[in-house]
Amino acid sequence: MSGGILKPGDLVLVTGGAGYVGSHLIGLLLDRGYRVRVLDTFLYGDAGLRAYRSEPAVEVHYGDVCNIRDMMRATRGIKALIALAALVGDGACELDHDETVAINIESTKLLCQVVNLNPDVERVVFASSCSVYGATEGLVLNEGSRLNPVSFYARSRIVSEGILDRELEGRSVVTLRLGTVFGASARMRFDLMINTMTWKAVSEGKITVTGGEAWRPHVHVRDVATAFAV
């Protein structure tokens, strides 16, 4: 959020702020002197925000990124928006394609609409995924690398990225394509590879590895939060 765009005291909206990454990100934004507003449905509870409930610089809104009233209220007075709320992962998105479209694609269209109605929003940071590259032989990828999605989740991220590029052209928009996140969080996830392996090592005394020849990028959850906060 630096680079002269925001200053201490500015209000930043974090959608999905009670989640795995958000529970780290809120603290980092507060450390930088920003006020923080969280919009979340609290589907997985509020453990990610309990440490910040008493902070005067934190506002917590119960709401849905697919609901225009919730989004209009949540974006009132903000200077930046960090979009974490999404249905994440290949397995989750395969369960119900219609729900995936609603949460991952239609909500992006709505986000663009409310941002375009608010001239004070100076930056949008969007959480995407490195799964948009699919299976590739190259180990070094960048934003210009060929996209080769092999899952519905990845395709939903590509569509959302395209919507942001078209609808928010000329605005400051940053898309981060995350690797597989790992590490401890107040809103813990044990469906992620490294976290699952660690949990099994602690609880069962052994680690099961499948597909040992595969390669995939991993990134610590606090590093991810720092990338969103910068």
Side-chain angles (χ1 to χ4, degrees), residues 1-2 5-89 92 99 102-104 106-118 120-128 160 173-174 176 178 181 183-192 221-230:
M1 291 298 165
S2 59
I5 291 182
L6 299 185
K7 60 184 183 299
D10 283 343
L11 181 59
V12 179
L13 171 64
V14 182
T15 68
Y20 182 57
V21 174
S23 60
H24 282 280
L25 176 60
I26 304 307
L28 293 177
L29 293 173
L30 291 174
D31 288 345
R32 285 157 172 75
Y34 303 127
R35 294 180 295 131
V36 181
R37 179 179 293 155
V38 173
L39 179 69
D40 205 295
T41 61
F42 299 101
L43 180 63
Y44 300 104
D46 67 348
L49 289 182
R50 287 175 190 165
Y52 311 112
R53 283 286 193 177
S54 61
E55 289 282 349
V58 175
E59 299 177 30
V60 178
H61 288 209
Y62 175 87
D64 192 336
V65 292
C66 298
N67 184 293
I68 185 147
R69 290 183 179 86
D70 293 341
M71 285 294 288
M72 288 295 291
R73 293 180 184 122
T75 54
R76 197 171 294 148
I78 68 169
K79 287 290 186 179
L81 191 160
I82 302 177
L84 301 180
L87 192 59
V88 177
E99 190 74 1
I103 295 174
N104 288 3
E106 293 302 320
S107 70
T108 305
K109 295 178 183 177
L110 179 56
L111 180 153
C112 293
Q113 290 173 6
V114 298
V115 167
N116 281 327
L117 288 170
N118 189 339
D120 294 330
V121 179
E122 298 185 5
R123 173 165 287 179
V124 174
V125 188
F126 182 78
S128 187
S160 289
V173 179
V174 178
L176 300 180
L178 308 179
V181 188
S185 171
R187 209 301 273 179
M188 193 60 191
R189 286 182 58 184
F190 288 107
D191 59 313
L192 302 169
V221 62
R222 189 164 182 84
D223 292 330
V224 171
T226 300
F228 279 104
V230 170

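Under the 4.5 Å side-chain criterion, counting only non-hydrogen atoms from C-beta, Leu178 is in contact with Phe228. With a 4.5 Å cut-off on side-chain heavy atoms, Leu81 and Val125 do not count as touching. Residues Val121 and Ile78 meet the side-chain proximity criterion, which asks for heavy atoms closer than 4.5 Å. Using a 4.5 Å heavy-atom cutoff, the side chains of Arg222 and Leu28 are in contact. The side-chain heavy atoms of Glu106 and Cys66, taken from C-beta on, include no pair separated by under 4.5 Å.
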**Request:** Might you work through the side-chain contact (heavy atoms from CB on, under 4.5 Å) test for Val14 and Leu39, ending with a clear yes or no?
**Result:** CA-CA 6 Å; Val14 182; Leu39 179 69; over 6 Å; no
**Item:** side-chain contact (heavy atoms from CB on, under 4.5 Å) between Tyr52 and Ser54, intermediate numbers included
**Value:** CA-CA 6 Å; Tyr52 311 112; Ser54 61; over 6 Å; no
**Request:** Please assess Tyr34 against Leu6 for the test side-chain contact (heavy atoms from CB on, under 4.5 Å), listing each intermediate value before the final yes or no.
**Result:** CA-CA 9 Å; Tyr34 303 127; Leu6 299 185; 3.8 Å; yes
**Full working for side-chain contact (heavy atoms from CB on, under 4.5 Å) between Leu13 and Ile82** = CA-CA 6 Å; Leu13 171 64; Ile82 302 177; over 6 Å; no
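Looking only at distances, a side-chain donor or acceptor of Arg37 sits under 3.5 Å from a matching main-chain atom of Arg76. Not a single donor-acceptor pair under 3.5 Å links the side chain of Asp70 to the backbone N or O of Asn67. The backbone N or O of Lys79 lies less than 3.5 Å from no partner atom in the side chain of Asp10, so there is not a single donor-acceptor pair. Between the side chain of Asp40 and the backbone N or O of Ala18, at least one donor-acceptor pair lies under 3.5 Å. Within the 3.5 Å criterion, the main-chain N or O of Val114 finds no donor-acceptor partner in the side chain of Asn118. No donor-acceptor pair under 3.5 Å is formed between the side chain of Thr108 and the backbone N or O of Ser160. Panel note: side chain Arg123, backbone Ala80; no donor-acceptor pair is recorded below 3.5 Å. Distance alone, capped at 3.5 Å, places no donor-acceptor pair between the Tyr20 side chain and the Ala184 backbone. Thr15 contributes a side-chain N or O that, together with a main-chain N or O of Leu84, makes up a donor-acceptor pair within less than 3.5 Å.
The two residues Ala57 and Leu30 make their nearest non-hydrogen contact at CB-CD2, 3.7 Å. The two atoms that bring Ala85 and Val65 nearest to each other are CB-CG1, 3.8 Å, heavy atoms only. The shortest non-hydrogen separation linking Ala225 to Leu25 is O-CD1, 3.4 Å. In this structure, Met71 and Asp64 approach most closely via the heavy-atom pair CG-O, 4.2 Å. Nearest approach of Gly48 to Ser23, heavy atoms of both residues: O-CB, 3.2 Å.
Both cation-pi conditions hold for Arg53 and Phe42: the charged atom is under 6.0 angstrom from the six-membered ring centre and inside a 45 degree cone around its axis.
If you take CG on Asp31 and CD1 on Ile26, they are separated by 11.5 Å, rounding to the nearest 0.5 Å. Put simply, CD on Glu59 and CG on Leu11 are 5.5 Å apart, with the number rounded to the nearest 0.5 Å.
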